[in-house]
A.B. asks: 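Before anything else, here's the structure in question.
Computed over heavy atoms, backbone and side chain alike; hydrogens, waters and symmetry mates excluded.
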2 protein chains.
Amino acid sequence: MATNGSPSSRATTLSDVARLAGVSIATASKALNGRTQVKAETRARVLDAAERLSFSPNALARGLLAGRTGTVGLITSDLDGRFSIPILMGAEDAFGSGRVSVFLCDARGDAIREQHHVRALLSRRVDGLIVVGARPDPRPPLEPGVPVPVVYAYAPSQDPKDVSLVSDNVGGGRIAIEHLIACGRRRIAHITGDPTYGAAQDRSVGVLDALGRAGLELAGGTVLYGTWSEAWGRGATRLLLQQGTDVDAIFAGSDQIARGVVDALHEAGRRVPEDVAVIGFDNWEVLAANARPPLTSVDINLEHLGRVAAQRLVAAIDGHAASGTEVLPCRLVTRSSTAPIG
Amino acid sequence: MATNGSPSSRATTLSDVARLAGVSIATASKALNGRTQVKAETRARVLDAAERLSFSPNALARGLLAGRTGTVGLITSDLDGRFSIPILMGAEDAFGSGRVSVFLCDARGDAIREQHHVRALLSRRVDGLIVVGARPDPRPPLEPGVPVPVVYAYAPSQDPKDVSLVSDNVGGGRIAIEHLIACGRRRIAHITGDPTYGAAQDRSVGVLDALGRAGLELAGGTVLYGTWSEAWGRGATRLLLQQGTDVDAIFAGSDQIARGVVDALHEAGRRVPEDVAVIGFDNWEVLAANARPPLTSVDINLEHLGRVAAQRLVAAIDGHAASGTEVLPCRLVTRSSTAPIG
DNA sequence: ATACGTTGTGAAAACCTTTTCGGCACGAAG
DNA sequence: CTTCGTGCCGAAAAGGTTTTCACAACGTAT
């Protein structure tokens, strides 16, 4: 009660407006929606009445009639993870304060819960769905027979005919190495995370490709897979140094790993970037920018990905259906942890 | 098109079910909703038909009739900030996969955009609103006259009659200090962030209160206010040490600051926790758990806050209206950065 | 004066579900 | 045979909006 501005019974309806303006609801509707066939003076009277009653049309009734609700569902699988959020922001942004509102659902990586949410959303007659995976590997598509367009973001659908949007991890690995080479580095190691992540594999592919083009080998001989943690970054770096591997640059598979790498380098008395340059991945602001020195990092443009996902979805809703997986480029953000050798 | 299971024209409706079951739509409705006055055998036939057509009732039509939509709006002011997200998760959780769906809106701290979103949500006839502030200071209430219950979370409304949920920052400061004292520490400093944050002030109050009870003074004589950054944690710690302040514990106003503190302590050759114990604030997993040593930290239970917000909102929607600001307790998460002095 | 086009307005249908209430059929009681 | 009750079912209204189509009024051309 405390928050109810007016204890009045119900929201004002179009007929209230029509009555106040002295016209029929049909005319009122046309006046408010900018339809022709309404005398200017009548329209003004209606608009004034609507203003006075602070009328706002009932979207339910409108959606019921139009067969379109102007709502979409966004199903994420790890809200706590930091990947869903920028995507969500991008999508929210692209839909705009415009005509589309977003239902947010967190499935927590549980297929049952996901299905449940899909059902609920369809029951609310959403016009489309965006599915954001928990990790970038391909995931099973939603149950077949969903009667609205679906766009998969971050994690592509296993069905190649579905519309999916993913980051170019191969390219991300490549630009990191190209930057290091451009800095004059030649003995480059790659410490990354869980090898069961396709993204880790893809980045390695990009790394090896870029090195190969430059006629270089990977320092240490092999990609160092581990976990996506600072501890692993430290451990792998120590290992590398203990083995006496000659290294003047390390590309880390995540910013967390990079923090560990920098830490271990300092511990061993190596200067960053003078002795060893370091690149992270993800461009997680709070980690990358606050490191000592601030970390150069590969940004996978998640917000952009979310925006594109939203655009593809509205296109599909409007009948301009696309199909297949679209790969979006990464972007290098340079900070102080890389610099020309000298 | 690719994602459309059936290119069929429209979703199946109750009359489709009724026709297939050979009954009227009234009977079909009653059968599906567990109403009495339906013969068991008839009910079975209807349920079977609904199953076969994979019927799901149109929530719009239902909401139109019932005057309740089973939706709520969640307006956040900083999605990128890490405070909205746990609250959002808690709320999503409390509403459950149950009957309530959540519209998510990001106002980006812009009052105009916020108002716009409120209007849009009201037009969609949400049953209630949760407003999550960007920072924990009191904020202006929504425009008056909102015809549904509103709950403010994290940032309370400036109107004390509104329903608000906030963390107990005073208590958070207090339990941090009490823990340090229990560890045998006596020379405790407090390095925190932006003094224009009420939360920073409140924690300081808790700190001074706990110290006072124990008959202690703040090491360094005064609370060190600065910014919520690692750099400030480092800088303030260096300052403290340069001044020759005798210190055996530092309570940091955030985990980021705490990371800087630990960093500077190491740099100065002090051991953590043997020489100096450190406590962070926020319990931001990725920072606190990955620090060396892992940081003891005060957790403000944001997810719980979100859950309670959701509960208060449904209570208000169901007519059990409360009023006023509710303060929820913090919780200390101990890790290795604090230990009994020895 | 009649015929015709123009312009503005309103009645009514449609969207889909829930609920109320009247009615039908059937067995039992009078 | 009539009356009553009981158990099931269906017709219809309600909820708020948009759109179509008919109709009224009025001015213009014949």
A.B. asks: Return the 5'-most residue of the pair A/I25, B/T42 with respect to DNA chain D, ranking by each residue's nearest nucleotide.
C.D. replies: B/T42
A.B. asks: From NZ of B/K39 over to P of C/dC26, roughly how many Å is that when rounded to an integer?
C.D. replies: 11 Å
A.B. asks: Can you find a side chain N or O atom of A/R35 that sits less than 4.0 Å from OP1 or OP2 on D/dT18?
C.D. replies: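 For D/dT18, neither OP1 nor OP2 has a side-chain N or O of A/R35 closer than 4.0 Å.
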A.B. asks: How close or far is atom C1' of D/dT17 from atom CZ of A/R68, stated in whole angstroms?
C.D. replies: 17 Å
A.B. asks: In whole angstrom, give the distance that lies between atom CZ of B/R124 and atom C1' of D/dG16.
C.D. replies: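 For the pair B/R124 CZ and D/dG16 C1', the rounded distance is 15 Å.
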A.B. asks: Looking at the side chain of A/A26, which of D/dC9, D/dT19, C/dG8 is the nearest nucleotide?
C.D. replies: D/dT19
A.B. asks: Nearest to the side chain of B/A61, heavy atoms from C-beta on, is which of D/dG10, C/dT17, D/dG16?
C.D. replies: C/dT17
A.B. asks: So, does the side chain of B/K30 form a donor-acceptor pair with the base of D/dG10 at under 3.5 Å?
C.D. replies: yes
A.B. asks: Is it the case that A/S56 and B/R119 place a side-chain donor and acceptor less than 3.5 Å from each other?
C.D. replies: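 Per modelled atom types, A/S56 and B/R119 side chains form no pair under 3.5 Å.
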A.B. asks: Does B/T13 reach a base, just sugar-phosphate, or nothing at all? Heavy atoms under 4.0 Å.
C.D. replies: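 It contacts sugar-phosphate atoms only.
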A.B. asks: Nearest heavy-atom pair of A/L32 and A/L14: which atoms, and what distance?
C.D. replies: CD1-CD1, 3.7 Å
A.B. asks: Assign each of B/T27 and B/L64 to its nearest nucleotide of DNA chain C by heavy atoms, then name whichever residue's nucleotide is nearer the 5' end.
C.D. replies: B/L64
A.B. asks: Starting at atom CG of A/N33, determine the distance to atom P of D/dG16, rounded to an integer number of angstrom.
C.D. replies: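 For the pair A/N33 CG and D/dG16 P, the rounded distance is 17 Å.
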A.B. asks: Provide, to the nearest angstrom, the distance between the CZ atom belonging to B/R19 and the P atom belonging to D/dG10.
C.D. replies: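 So the CZ-P distance, B/R19 to D/dG10, works out to 14 Å.
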A.B. asks: When you check the side-chain N and O atoms of B/R124 and A/S101, is any donor under 3.5 Å from an acceptor?
C.D. replies: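 Per modelled atom types, B/R124 and A/S101 side chains form a pair under 3.5 Å.
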A.B. asks: Does one side chain, of B/S84 or B/T76, offer a donor that lies under 3.5 Å from an acceptor on the other?
C.D. replies: yes
A.B. asks: Heavy atoms from C-beta onward define the side chain here; which of C/dT17, D/dG10, D/dT18 lies closest to that of B/V23?
C.D. replies: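 Within the option list, the nearest is D/dG10.
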A.B. asks: Find which nucleotide of DNA chain D each of B/R125 and B/A40 is nearest to by heavy atoms, and output the residue with the more 5' nucleotide.
C.D. replies: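 By nearest-heavy-atom nucleotide position, the 5'-most residue is B/A40.
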A.B. asks: Nearest-Å distance, CG (B/L32) to P (C/dT17)?
C.D. replies: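 To the nearest whole Å, that distance equals 10 Å.
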A.B. asks: Can you tell me which nucleotide in C/dA14, D/dG15, C/dA11 comes closest to the side chain of A/L65?
C.D. replies: C/dA14
A.B. asks: Measure from CG on A/L53 to C1' on D/dG16 and round the result to the nearest Å.
C.D. replies: 15 Å
A.B. asks: Using a strict cut-off of less than 4.0 Å between a Lys/Arg side-chain nitrogen and an Asp/Glu carboxylate oxygen, indicate whether A/R52 and A/D16 qualify as a salt bridge.
C.D. replies: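 A/D16 and A/R52: not salt-bridged.
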A.B. asks: Check the distance between D/dG16's P and A/F55's CZ and give it to me in whole angstrom.
C.D. replies: 10 Å
A.B. asks: A/G22 or B/L14: which one's nearest nucleotide on DNA chain C is closer to the 5' end?
C.D. replies: A/G22
